[in-house]
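Shown next, in structure tokens, is the structure this report addresses.
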Amino acid sequence: MTTKTVSLKIDGHDISVQEGTSILEAAIENGIDIPHLCFLEGLTKTGACRLCLVELKGQAKLFASCSTPVSDGMEVITDSVKLKEYRKKTIQLLLSERTHVCSVCVANKNCELQALADKLGVDHVAYEREWTGEKVDSSHPFLVIDRNRCILCTRCVRVCDEVEGVHALDLKLRGKDSQIIVDFDDSWANSTSCTSCRKCAKVCPVGAIYVEGEPLSQTKDRNIANFVLSRRKK
Amino acid sequence: MLKEDNRKLMLEKAIKDHQYQASALLEILHKAQELYGYLNREILSFVASSLKLPPSHVYGVAAFYNYFRLKQPGEHVVTTCMGTACYVKGAEDIISAVEKEFNVKRGDSTADGKLSIFTTRCIGACAMAPSIVIDDEVVGKATKEIVIEKIKLLLGGKKTETS
Amino acid sequence: MPSNSKPKLATLWLSGCSGCHMSLLDNDEALLDLAKNIQLVYGPLVDTKAFPENVDITLIEGAVANYEQAAFLKEVRKHSKILIALGDCAVTGNVPALRNTIKDSANAVLQRAFVENSDKQPLIPTDVPKLLRKVYPLHEVVKVDHYIPGCPPPAGNIAYVLTELLAGKIPIMENKSKYG
Amino acid sequence: MSSKRLNFCWGVKKLKPADIIHLAETELDAHRSYKYRINVCCSSGCIPFGALKVLKAFEEAVKEFGVQKECKVARTGCIGTCSVGPAVMVEPGDYLYQSVTPEKARQIVRDHVVLGLPVKEMLYGNKAYFEKQHRLVMKNAGKIDPYRIEDYIAAGGYSALVKCLLRMSPKEVIDEVWLSGLRGRGGAGFKTGQKWTFVARAHRSPKYIVANLDEGDPGVFANRTLAEADPHAIIEGMLIAAYATEANKGYIYIRAEYPLAVETLKKALDRARAMNLVGQNILETNFSFDIELRLGAGAFVAGEETAILASVEGNRANPRPRPPYPAASGLWKSPTLIDNVETLANIPQIISHGGLWFSKIGSPTCTGTKCFSLTGKVKNPGLIEIPMGITLREVIFDIGGGPPDNKKFKAVLVGGPSGGCLPETMLDLPIDYESLTKAGAIMGSGGIVVIDEDSCMVDTAKFFIDFCVDESCGKCTPCRVGLHKIQETYTRIMDGEGKPEDLDFLRSISSYIQDASLCGLGQTAPNPVLTTLRYFGKEYNEHIVDKKCVAGKCSFKHQVKEDEL
């Protein structure tokens, strides 16, 4: 199949990429950085975190760059004053939603949320913080889930379903009560479907799922989904 | 394991009628709740294996929708409509009064398991607001006195007149 | 410059580990330059009893955990032109605020510290300042002008913020702030 | 009875187009043989007031007085005057009786049917209620028995489908819909003709149609009423849409909270299938289309067009980003047309009378009519259908009669929980998509709730935010966390802890949530906050500065934090 090339502008730079590429992927390919959290190369794009929002010239709405495909002549703006302000708000909301204490977190210095907060200059959280006290599930021989640190990006759910092919993880409830669950909301040790492949820990952007006793710098692997899927027989 | 009884047979039939389609999950859960009154782990597990769906998916769906109950409700169920029209006409006062009178919080059951109080988002009987559903009876233009009286009658074992 | 016309700097230590003050001191020889441009009027590093009036910049380390601190902080705010939250405890609540995740934490922590973990004479002392229901970051109690997050905040960031402020500029924390 | 004979005749053989016309004639003859027809409203609004007993009483009274041959008693859907149910309409002459009891039923048969003297004191006296209405979608409501497909056919039903199948190409059908100017009745107001064109152009099979009957807005019951009163109009609309877009399979997604509507639709589908109107080779033509019901389970967000797809597929009702739009990639990644049931119910009439005819109803940019449930503090609540373009004032005061008990009108909520609260000064606004959006409200799925001086606007806005917080699916950050922050701010203001800067906070986070949220729920959820701030800012100030609530709703009980800090 021959694929068409599409030309567009991102922040004034002329770039051309293959048709079907998303704006975010096009930006990454060309070294333009658009902050993002729920997006992970290889996994379904959910457009959930809203960090990667961009403006399209001539359109009043904002678009999630991870899930919006490029089109010819498109002019993308990734760093307007409004977008910067909105990204800061999004990070602050995520930080305020649950108990995020970097200094005692296993992901300290290996955390995508922390890195983005630092990078975007989120020097404080204007919203009152929730101090959730969910029980940490460390029943599994080596996988631990601390839901107090979860930002509901669902990378773990997607990698388990789409790459490992097991779908041991999903979400329960909804809204601010949403939680990652294992099987029938069981403790992890009692899961009959989990294969202990630890892909969930590899893709978790924060310190919500991790391997006990292993430094996160070693566990984390942003490329895992892409690696497995690109080598899978079509 | 789910007990082998008529209800299970009927649930199996419903699953078969839907040709074991995964997309019929909501329909099947509706049927199961209709048969069993609520959805416990055994039921969900049975549905998951019948439809060949991952357990977490079935639980996630059941826990997403408000209509599905994962806990056993009380013997009698009082549901207050909290739609806009009912709210404007004082539904909140009624449910607060019921909570106080029977010492039970919304979404929960009394200690003896006789009475559960739920709220719902609009049953569509807005022109008769506020509306309260007591077991299967819709009480329109309700007041707290009428509702408490009706619940007392129910708990006293006497049947209220249904229309 | 005569010392009395130099901007007045105060530092404050609330519920925190003093690591932020250590980090301030970690500026080493840069401190000498700083000292030339300010007068240090209050804090754990000087021996002043009462918080002075008309302070130009106040750096505050630590979260607000008890009534005494809350009242003091409000006083400090009144007498400070610029108030800076220094370090994660002051900015987010951090470790002291972890007690917020448990129910009735004010009593629970006292119980754990003085009763459950005591071998002899389990007794909650009466001279401990009364704990607040919850531990708060500074900006939930008073208005805060600038934030230097970090546990501890990098020495360079503290120096940067102070230098900018002394030069009459507004510090920009983008790509600089450092949680954890 | 004639209907039994017909059932027998048509039940065995596969119907053809000509049979529909023949059946309509036979059925009309049967209708004409009655001098009187008593329509007893048995919709969800009237049943709790004893409509089924009244129906039985009428049947018995007709027997008792021996007038079975000249008087037909029919079970019908909503007549529209839901506040004075059970409502009963006697034809000819459209005599509307209110609050009928079994005793009164007997009296009506005796006086009206036997003696020919309408019982004046029981008649619904309010002429104005119907004068400004225009019954188009609801034209059969209260007139036909929703359980009898023959009633629908006698009223001209399925003739539009026959017309399409015999004389129109799919393109001609779409052209007619374009010409009508019909716009989606689910709220967004997208041109229906355009939507259909997108789906028709997608050259992929299978194609699906989803009829949206997930009327989740609290205080809205227009779609339910339609399904209970005239289910076949929805089915026929779907069939025509399927014919026009060459779709293969349809789903009607309906709230489980509407048991009577579910039942009615189920029966209607069974009858239509038995009569060769739904299924394979409809009316012995090449056109095939099957329809299945899908029950919702209490999730407001499932009304959103991508969330409804997730739900029909048996998943959590999480919306997904667009593009791709459902017209290109919907159910199981196939092209899918999603229309509100009210939109679909307009279709048969557009086809029968022509798009041009339809385009002359309503206002030029907003053609046709809209059903609204008019509730809250008005004298005559109920289900109304009005031509687009009439003003809110006409609806609230002329049709609704204004607030009862001499209370002062304060605000009107248009468009459900994510609509807007408009004050007295905005009442001369014409009801159309653009005007409402400009004022900060939305058309929504058709709810008008009137609020009088007894309500506090801060409390009202909080009620809607509570609703949206509960109904947020939790997928995207702005809606999940942002709305919760708004909710907390309201709680503080109502507890007497409000600060002047809270108002700026509410404004700024509201516009962030509007712009940044993934789906319509989040994008519109701040509307009540912004409109109440815009039109009732004074009340917020009273709450924050004077710690006063004019309506006396807010407690101002200080929270612990205020005490300790």
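Small disclaimer: the values here were computed from a predicted structure and weren't measured. Naming convention: chains lettered A, B, ... in sequence-line order (proteins, then strands); numbering from 1 in each chain.
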- request: For the pair C:Tyr179 (side chain) and A:Val122 (backbone), establish whether a donor and an acceptor sit closer than 3.5 Å, ignoring hydrogens and angles.
  value: yes
- request: Output yes when a side-chain donor or acceptor of A:His124 lies under 3.5 Å from a complementary backbone atom of C:Ala90, and no otherwise.
  value: no
task: Can you tell which part of C:Ala85 gets under 4.5 Å to a heavy atom of chain A, answering side chain, backbone, both or neither?
output: neither
message: With a 4.5 angstrom heavy-atom cut-off, is it the side chain or the backbone of C:Lys178 that approaches chain A, or both, or neither?
response: both
With a 6.0 Å cut-off (strictly less than), is the heavy-atom count around [atom1] of [X], excluding the residue itself, greater than 12?
{"X": "C:Leu25", "atom1": "CG", "value": "yes"}
{"X": "C:Gln121", "atom1": "CD", "value": "no"}
{"X": "A:Glu41", "atom1": "CD", "value": "no"}

task: For A:Val101 and C:Asp88, run side chain to side chain contact (heavy atoms under 4.5 Å, CB included): C-alpha distance rounded to whole Å, both residues' side-chain angles, the deciding distance at 0.1 Å, then the answer.
output: CA-CA 9 Å; A:Val101 180; C:Asp88 277 356; over 6 Å; no
- line: Rounded to the nearest 0.5 angstrom, the OG1-CG distance for C:Thr92 and A:Asp123 is 12.0 Å
- line: Here the gap from A:Trp131 atom CH2 to C:Ile102 atom CD1, rounded to the nearest 0.5 Å, amounts to 12.5 Å
- prompt: If you count heavy-atom pairs under 4.5 Å between each of A:Asn148, A:Val104, A:Asn108 and chain C, which one has the most?
  reply: A:Asn108
Between C:Asn94 and A:Ser103, a side-chain donor and acceptor under 3.5 Å: yes
field: Proximal to chain A - members of residues 143-170 of chain C, heavy-atom separation under 4.5 Å
entry: C:Tyr147, C:Pro149, C:Cys151
task: Answer with side chain, backbone, both or neither: which region of A:Thr99 has an atom nearer than 4.5 Å to a non-hydrogen atom of chain C?
output: side chain
statement: Looking only at heavy atoms, the pair that brings A:Glu128 and C:Lys134 closest together is OE2-NZ, 3.4 Å
